[in-house]
Amino acid sequence: MIHGDRLTKSTLRWGMVGGGKGSQIGYIHRSAATRDRYFELVAGAFDLDPARGRAFGAELGLNPARCYPTYVEMFAAEAARADGIRAVSIATPNNTHYAITKAALEAGIHVVCEKPLTFTTAEALELQALAAARGLIVGVTYGYSGHQMIEEAARLVAEGVLGEIRLVNLQFAHGFHNEAVELANPATRWRVDPKFAGPSYVLGDIGTHPLYLSEVICPDLKIKRLLCARQSFIASRAPLEDNAMTLMEYEGGAFGTVWSSAINAGSMHGQKVRIVGARASLEWWDEQPNQLRLEVQGEPVKILERGMGYLNPASLADDRIGGGHPEGLFEAWANLYYRFALAMEAQDAGSPERVAGLRYPGIEAGVEGVRWVENCVRSADQGGVWVDYA
Ligand code: NAD
């Protein structure tokens with residue numbers, strides 16, 4: 001890396017549940033976790049179909065004896081080994097996250113879990129208490145937060161460059177599901193089925209991503225009440241929504257909006273964050289993640305570029321290749337996995353204070369994502385009314 005390599009001397013023995021062959025998100029977990037050699041993949045229960053999971057583990061070069069039919073067998077067998085796994089990543093459909101995370105924590109294993117962490121806030125809080133009681137780390141893969149320019153945005157707000165924050169304008173609105181693609185695509189089918197997806201589709205699947213970015217950039221903003229309206233433009237998806245509009249009033253008077261959508265026809269990813277302060281605004285778009293737009297009232301627009309010396313040292317610390325060469329989602333995820341590893345190692349060494357201030361989406365982020373979805377659904381299902389944030 002341009003600011004010092006990160007290759008570690010020790011690796012965390014690591015397993016995966018889900019993320020099997022052909023899954024959408026398994027590959028980026030493996031790529032990000034092993035990029036700086038902090039995690040070494042040694043075990044897996046990769047697939048709902050045990051034979052397919054075992055074959056995939058063999059393809060990845062794993063010891064066949066450590067490719068398990070289920071996560072239950074994996075956690076039991078790995079606990080019995082002197083060289084058993086210290087950490088596991090969970091990349092399965094939403095309905096399984098609570099049970100698998102709970103089982104991992106009970107087996108004494110650190111966790112990286114996909115979002116949404118659980119179906120209900122009560123379940124998420126239960127996992128938070130369990131992780132605290134066992135002294136274990138739970139990371140949640142809000143992967144976009146690993147982009148350098150998100151760190152830079154957070155620094156600019158913290159330094160007061162924007163002035164008092166007035167508006168938070170968020171969207172994650174893609175167009176890939178503008179038709180009933182789930183008829184032919186199993187990975188979309190479970191997302192629109194409440195048994196597997198939970199109480200929402202786009203709110204939990206994508207809306208929570210920019211929401212978490214706003215929590216990183218503006219950590220002082222606390223939602224006071226919100227109003228959400230949700231629609232199923234593909235009628236067969238009801239009661240789950242493929243589009244939702246959320247208004248949020250924060251303590252202190254700032255105001256926010258979140259557009260979550262899978263039917264924004266023609267849009268690729270459409271994840272954007274715009275923060276408006278009393279003096280200046282900033283804007284970031286995940287399709288051009290190396291740039292951050294800073295607009296100071298009365299001055300020409302500035303486009304800040306990743307990897308440049310004028311950025312905050314904390315943003316530059318993540319730089320791998322220098323300005324000009326594009327970095328992307330794989331690097332952002334690797335930055336997060338690096339921090340997950342530091343937190344896990346510090347926890348195991350009995351020195352969590354060593355990583356105090358380390359910024360990564362932990363279990364609090366998982367809890368907050370689930371809480372936000374729950375509040376949005378409560379508002380929407382009463383006909384789109386203001387509800388106090390609970
Ligand atoms: P997918 O349907 O493409 O793949 C799911 C994988 O999990 C498959 O390999 C399946 O066989 C396996 N699986 C299912 N149940 C299992 C079980 N009980 N034990 C072991 N393996 C099991 O799904 P996906 O799109 O990869 O999504 C997986 C999770 O990742 C979801 O929770 C989704 O919300 C999340 N996700 C997150 C991001 C992100 O940006 N963080 C992006 C996409 C998906």
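One-based numbering, in listed order, for ligands and for the atoms of each.
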Joint cluster assignment, Val296 & Ile165, ILVMFWY side-chain distance < 4.5 Å: yes
Intermediate values then yes/no, ring pair (Phe, Tyr, Trp, His ring centres under 6.0 Å), His29 and Trp333: CA-CA 8 Å; His29 277 277; Trp333 276 59; 4.8 Å; yes
Set of side-chain contact (heavy atoms from CB on, under 4.5 Å) partners for Pro361, sequence neighbours left out: Tyr142, Ser145, Tyr212, Leu336, Phe340, Ala365
His209: side-chain hydrogen bond (donor to acceptor under 3.5 Å, both in side chains) partners, not counting sequence neighbours: none
Neighbouring protein residues of ligand 1 - any heavy atom closer than 4.0 Å: Val17, Gly18, Gly19, Gly20, Ser23, Gln24, Ile25, Ala45, Phe46, Asp47, Leu48, Ala91, Thr92, Pro93, Asn94, His97, Glu114, Lys115, Thr141, Ala187, Trp190, Arg191, Asp205, His209, Trp333
Lys115/Asp205 salt bridge by N-O under 4.0 Å criterion: yes
Partner residues of Ala87 under the side-chain contact (heavy atoms from CB on, under 4.5 Å) criterion, sequence neighbours left out: Trp14, Phe39, His110, Met344
